[in-house]
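The first residue of the sequence shown is numbered 1, and numbering continues consecutively from there. FYI, side chains are in, hydrogens and waters are out, and symmetry mates aren't considered; it's all heavy atoms of this structure.
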Amino acid sequence: GAATTYLWEQVKEGDPLTYRGPNGNFTMPAYPMQQLFLIASSTGIAPFHSMLALIEKRLTAGEEIILVYGARTQDELLYQHDWQQLAQQYAGFHFIPILTRESWAGQNGRVHAVYPELARQYPQAHVMICGWDTMVDETRQHFLELGFDKSQLHAESYG
């Protein structure tokens with residue numbers, strides 16, 4: 001976006017910058033739950049990666065966490081190694097990457113192709129969604145149509 005271009009092309013070492021700290025409210029619910037969906041597209045995976053220690057703690061406590069992560073190509077699957085390692089370490093962690101612009105052995109398409117069947121299996125799950133605003137809005141609407149309550153949905157969008 002504009003900030004990235006500005007930082008890479010105009011800011012020089014030593015230039016003063018004014019910024020604010022994090023001020024969002026996209027945090028994992030503190031109360032225990034049986035199942036949790038994490039749905040991300042592109043760099044929307046970053047908040048979930050920052051929650052890695054908390055995710056591991058929840059898995060240790062017996063929660064089931066399903067990460068559906070959409071990217072264009074395999075090279076754009078950020079933190080893929082970390083998610084695969086978590087899936088190998090914990091039977092309760094399910095990593096489902098899906099690509100839109102590259103054929104591969106895994107799933108192809110958009111995240112919307114993956115989560116409806118899972119949602120039907122876990123109607124009490126909480127859902128955390130992060131990514132482009134269109135994906136977030138569509139995903140939230142789909143979960144509401146699938147019978148989820150607004151209180152089960154937590155979202156952060158950009159773009």
Exercise. Would you say the side chains of Glu102 and Gln74 form a donor-acceptor pair under 3.5 Å?
Worked result: yes

Exercise. Counting only N and O atoms by type, is there a donor-acceptor contact under 3.5 Å from the side chain of Glu9 to the main-chain atoms of Tyr6?
Worked result: no

Exercise. So which heavy atom on Pro116 is nearest to which on Ala113, and how close?
Worked result: CD-C, 4.2 Å

Problem set entry | Heavy-atom pair of closest approach, residues His112 and Met135 | CE1-O, 3.8 Å

Exercise. At what distance, to the nearest 0.5 angstrom, does CD1 of Ile65 lie from CZ of Phe93?
Worked result: 7.0 Å

Problem set entry | Side chains of Leu36 and Met28 in contact at under 4.5 Å (non-hydrogen atoms) | yes

For this session: Identify the heavy atoms of Val136 and Ala155 that sit nearest to each other, and give their distance.
Result: CG1-CB, 3.6 Å

Exercise. According to a 4.5 Å side-chain heavy-atom criterion applied to Ile, Leu, Val, Met, Phe, Trp and Tyr, with indirect links allowed, do Trp132 and Phe37 form part of one hydrophobic cluster?
Worked result: no

Exercise. Quick one: do the Gln34 and Tyr122 side chains pair a donor with an acceptor below 3.5 Å?
Worked result: no

Exercise. Is a side-chain N or O of Asp137 found less than 3.5 angstrom from the main chain of Thr134, in a donor-acceptor match?
Worked result: no

Exercise. Are the ring centres of Tyr115 and Phe143 closer than 6.0 Å?
Worked result: yes

Exercise. Is there a donor-acceptor contact under 3.5 Å linking the side chains of Gln80 and Tyr69?
Worked result: no

Exercise. Heavy-atom distance under 4.5 Å between the side chains of Met51 and Met128, does that happen here?
Worked result: yes

Exercise. Is there a path of hydrophobic side-chain contacts, each under 4.5 Å between heavy atoms of I, L, V, M, F, W or Y residues, that connects Ile45 with Phe26?
Worked result: yes

Problem set entry | Check: Asn108 and Thr100 side chains under 4.5 Å, non-hydrogen atoms | no

Exercise. If we only count heavy atoms from C-beta on, is the Leu78 to Thr43 side-chain gap below 4.5 Å?
Worked result: yes

Exercise. Is any side-chain heavy atom of Leu118 less than 4.5 Å from a side-chain heavy atom of Ile96?
Worked result: yes

Exercise. Do you see a donor-acceptor pair shorter than 3.5 Å between the side chains of Gln141 and Glu145?
Worked result: yes

Exercise. Do we see a donor-acceptor contact under 3.5 Å between the side chains of Asp75 and Thr73?
Worked result: no

For this session: Side-chain contact test, heavy atoms from C-beta onward, threshold under 4.5 Å: evaluate it for His154 versus Pro29 and give yes or no.
Result: yes

Exercise. With a 4.5 Å limit on heavy-atom distance, are the side chains of Leu86 and Ile55 in contact?
Worked result: yes

For this session: For residues Glu76 and Ala71, report the shortest heavy-atom separation together with the two atoms involved.
Result: O-CB, 3.7 Å

Exercise. What's the shortest heavy-atom distance between Gly70 and Val111, and which atoms?
Worked result: N-CG1, 3.6 Å

Exercise. Taking a hydrophobic cluster as the set of Ile, Leu, Val, Met, Phe, Trp and Tyr residues connected by side-chain heavy atoms closer than 4.5 Å, whether directly or through intermediates, do Val68 and Leu99 fall within one such cluster?
Worked result: no

For this session: Spell out, yes or no, whether Val114 and Trp104 are grouped together once hydrophobic residues are joined by side-chain heavy atoms under 4.5 Å, including indirect joins.
Result: no

Exercise. Going by the angle between their ring planes, with limits at 30° and 60°, are His49 and Trp83 parallel, tilted or perpendicular?
Worked result: perpendicular

For this session: Taking the side chain as every heavy atom from C-beta outward, state whether Ile98 and Arg110 have any pair of such atoms under 4.5 Å apart.
Result: no

Problem set entry | Side-chain donor or acceptor of Gln152 paired with backbone N/O of Pro123 under 3.5 Å | yes

Problem set entry | Partners meeting side-chain hydrogen bond (donor to acceptor under 3.5 Å, both in side chains) with Arg140 (sequence neighbours left out) | none

Exercise. Looking at Phe48 and Ala40, what are the two nearest heavy atoms and their distance?
Worked result: CE1-CB, 3.7 Å

Exercise. Under a single-linkage definition using a 4.5 Å side-chain heavy-atom cutoff for Ile, Leu, Val, Met, Phe, Trp and Tyr, are Phe95 and Leu59 assigned to the same hydrophobic cluster?
Worked result: yes

Problem set entry | Donor-acceptor contact below 3.5 Å, side chain Tyr90 vs main chain Glu64 | no

